[in-house]
Amino acid sequence: MLRGSVTTAATLLVGIWMMPIEGRSAERVVALAPHLAELVCAVGGCARLVGVAEYTRVPPEAASKPKIGSAFSVSFETVLSLRPDWVLAWDGGTPMATIERLRELGLPVETLAVRGLDDIGGALERVGAGLGMEAEAATAAAAYRARLAVLRTQYRGRPRLRGFFQIETAPAYTVSRRSPIHEAMNLCGADNVFADLPMLSGAVSAEAVIAARPEVVVTTTDENPAALDAYWARFSELRASRYRVAVSADTLTRQSPAVLDGVAELCVGLDRVRAQMAAEAR
């Protein structure tokens, strides 16, 4: 459908069913990224979801909802057909052009930003407020904050490791201190060797990896182990070529309460690496 046709359709639809979100609870929600759907479900609002982004895999109730495209390429026609009264966008992920276009089409779009682990509690509360589920959100946020505090206490004081969070291999990508993954590594006792990247994430050269001298590689289970093996075969002089921790992609990279499952898994994995290093040093 052409741009003008979409606008015409939107005008007709808005006149029939669109009401402002302010002052009332959202009943039909579209989440433009997987973690946004998880936040909605975490406060008990899964039944309100009418559309989610591709790669929304958990919980099953969210995964079964109609797909509106990927987090970075949204089908405007599909979103309009779902008649949402609240669209949740990913601040820092959803393209600004997408957000602006959805607003032009008369849809109430709210962006949610999660810059660090502490922000997830506030995101739960904001979603709960939009759904009229403040009590449920307060409970979920309190449980999240309590578990985060326990993890911080449990792993405080661990011997530090130089860690490289690796995405892909040709080229390798990583994250800076602006990512919650950086904070997760720090909590578990790993110093992100590329913390000072000027952007949230970016490619790093082989020369930069050698200069950074990582001791352990952190990846997600989405990465190809054979490709990682081939990549690190070139860097046998680095300790990181021998030590790798793979964490579920549905946890560590999610800006939702599920991230704490990934943090716990990461911390256990890094403890295992420390034990291996200690055993080899004896």
Side-chain angles (χ1 to χ4, degrees), residues 35 58 114-120 144-169 172-197 200-202 204 208-282:
H35 73 277
V58 292
V114 176
R115 307 291 186 228
L117 296 176
D118 287 313
D119 295 338
I120 292 173
Y144 172 84
R145 289 172 177 136
R147 187 182 180 196
L148 177 58
V150 168
L151 286 168
R152 282 174 169 159
T153 299
Q154 181 178 357
Y155 290 98
R156 185 176 296 131
R158 287 294 199 274
R160 307 298 294 184
L161 295 170
R162 294 178 60 78
F164 171 33
F165 180 75
Q166 183 174 0
I167 309 164
E168 301 182 1
T169 58
Y173 285 80
T174 191
V175 298
S176 71
R177 68 176 73 254
R178 295 169 57 193
S179 168
I181 295 170
H182 165 91
E183 192 176 348
M185 292 171 65
N186 184 60
L187 184 155
C188 295
D191 297 320
N192 177 7
V193 296
F194 289 106
D196 294 331
L197 279 180
L200 176 66
S201 64
V204 289
V209 172
I210 293 171
R213 296 179 296 105
E215 297 175 294
V216 60
V217 180
V218 177
T219 69
T220 72
T221 50
D222 276 354
E223 300 300 328
N224 184 326
L228 289 168
D229 289 343
Y231 179 89
W232 284 100
R234 300 177 294 163
F235 305 123
S236 59
E237 73 278 17
L238 297 177
R239 296 187 84 179
S241 67
R242 304 190 299 280
Y243 302 109
R244 188 184 306 163
V245 177
V247 183
S248 170
D250 286 332
T251 58
L252 187 61
T253 61
R254 290 290 197 257
Q255 299 171 6
S256 73
V259 73
L260 296 188
D261 292 331
V263 172
E265 188 179 355
L266 173 62
C267 289
V268 169
L270 290 176
D271 270 357
R272 184 174 61 251
V273 168
R274 291 186 185 95
Q276 292 171 343
M277 289 179 173
E280 292 170 6
R282 287 197 291 269

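Numbering starts at 1 and runs along the sequence shown. Computed from a predicted structure; not experimentally measured.
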Peer 1: Please enumerate all residues that pass salt bridge (charged side-chain N to carboxylate O under 4.0 Å, His left out) together with R244, with sequence neighbours excluded.
Peer 2: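 Checked R244 against salt bridge (charged side-chain N to carboxylate O under 4.0 Å, His left out); matches are D229.
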Peer 1: What pairs with D118 under side-chain hydrogen bond (donor to acceptor under 3.5 Å, both in side chains), at least two apart in sequence or on another chain?
Peer 2: R152
Peer 1: Could you work out, with side-chain contact (heavy atoms from CB on, under 4.5 Å) as the rule, every residue matching D271, not counting sequence neighbours?
Peer 2: Y155, R158, R274
Peer 1: Can you check whether S201 reaches Y173 side chain to side chain, under 4.5 Å on heavy atoms?
Peer 2: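 In short, these two side chains do not touch, never coming nearer than 4.5 Å.
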Peer 1: Tell me, please, which residues at least two apart from F235 pass ring-ring contact (aromatic ring centres under 6.0 Å, His included).
Peer 2: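 Checked F235 against ring-ring contact (aromatic ring centres under 6.0 Å, His included); matches are Y231, W232.
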Peer 1: Quick one: salt bridge (charged side-chain N to carboxylate O under 4.0 Å, His left out) pairs with a partner in residues 212-227, sequence neighbours left out?
Peer 2: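 Listed by first then second residue: R57-D222, E215-R239.
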Peer 1: Which heavy-atom pair separates S176 from A195 by the least distance, and what is that distance?
Peer 2: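 Closest heavy-atom pair between S176 and A195: CB-O, 3.6 Å.
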Peer 1: List for me each residue that meets salt bridge (charged side-chain N to carboxylate O under 4.0 Å, His left out) alongside R242, sequence neighbours excluded, and say none if there are none.
Peer 2: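 Counting only residues at least two positions away or on another chain, R242 forms no salt bridge (charged side-chain N to carboxylate O under 4.0 Å, His left out).
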Peer 1: Listing request: all disulfide (SG to SG under 2.5 Å) pairs with a residue in residues 227-282, at least two apart in sequence or in separate chains.
Peer 2: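 Matches after skipping sequence neighbours: C188-C267.
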Peer 1: So, the side chain of T174 versus the backbone of F165: is there a donor-acceptor pair under 3.5 Å, distance only?
Peer 2: yes
Peer 1: Which atoms form the tightest heavy-atom contact between L252 and I181, and what is the distance?
Peer 2: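 Looking at all heavy atoms of both residues, the closest pair is O-CG1, 3.8 Å.
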Peer 1: Taking salt bridge (charged side-chain N to carboxylate O under 4.0 Å, His left out) as the test, write out the residues that go with E265, two or more places apart.
Peer 2: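 None.
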Peer 1: Between N192 and M185 (side chain of the first, backbone of the second, donor and acceptor by atom type, cut-off under 3.5 Å), is there such a pair?
Peer 2: no
Peer 1: Are any side-chain N or O atoms of E183 and backbone N or O atoms of L117, one a donor and one an acceptor, separated by less than 3.5 Å?
Peer 2: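 Checked: pair present.
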Peer 1: Could you pull out all residues at least two apart from E280 that satisfy side-chain hydrogen bond (donor to acceptor under 3.5 Å, both in side chains)?
Peer 2: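 Partners of E280 by the side-chain hydrogen bond (donor to acceptor under 3.5 Å, both in side chains) criterion, ordered by chain and then number, come out as Y243.
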Peer 1: For residues L270 and A190, report the shortest heavy-atom separation together with the two atoms involved.
Peer 2: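 Nearest heavy atoms, L270 then A190: CD1-CB, 3.8 Å.
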Peer 1: What residues, two or more places apart in sequence or in another chain, satisfy salt bridge (charged side-chain N to carboxylate O under 4.0 Å, His left out) together with R272?
Peer 2: none
Peer 1: Mind running side-chain contact (heavy atoms from CB on, under 4.5 Å) on V209 and L238 for me, showing each step along the way?
Peer 2: CA-CA 9 Å; V209 172; L238 297 177; 4.2 Å; yes
Peer 1: Might you point out which heavy atoms bring G262 and T251 nearest each other, and give the distance in Å?
Peer 2: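 Shortest heavy-atom separation between G262 and T251 comes out as CA-OG1, 3.2 Å.
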Peer 1: Go through the structure and list residues passing ring-ring contact (aromatic ring centres under 6.0 Å, His included) with H182, not counting sequence neighbours.
Peer 2: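 In terms of ring-ring contact (aromatic ring centres under 6.0 Å, His included), with neighbours along the sequence ignored, H182 is linked to no residue.
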Peer 1: What distance do L148 atom CG and T153 atom OG1 have between them, rounded to the nearest 0.5 Å?
Peer 2: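 Those atoms lie 9.5 Å apart.
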Peer 1: Mind checking whether M277 and L161 have side chains closer than 4.5 Å, heavy atoms only?
Peer 2: yes
Peer 1: Atom CG of L260 and atom CZ of R145: how far apart are they, to the nearest 0.5 Å?
Peer 2: 12.0 Å
Peer 1: Please name the pair of heavy atoms, one in F164 and one in A172, separated by the smallest distance, quoted to 0.1 Å.
Peer 2: CZ-CB, 4.2 Å
Peer 1: Just by modelled atom types, is the L200 backbone N or O under 3.5 Å from a matching donor or acceptor in the S179 side chain?
Peer 2: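 Such a contact is absent between S179 side chain and L200 backbone.
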Peer 1: Within a strict 4.5 Å, meaning less than it, do heavy atoms of the I210 and E237 side chains meet?
Peer 2: yes
Peer 1: Do the non-hydrogen side-chain atoms of Q154 and L187 ever get within less than 4.5 Å of each other?
Peer 2: no
Peer 1: With rounding to the nearest 0.5 angstrom, report the CG to CD distance, N224 to E168.
Peer 2: 11.0 Å
Peer 1: Looking only at non-hydrogen atoms, find the nearest pair between P257 and I120 and report the distance.
Peer 2: N-CG2, 3.9 Å
Peer 1: Run the side-chain contact (heavy atoms from CB on, under 4.5 Å) test against V58 and tell me which residues pass, sequence neighbours left out.
Peer 2: E38
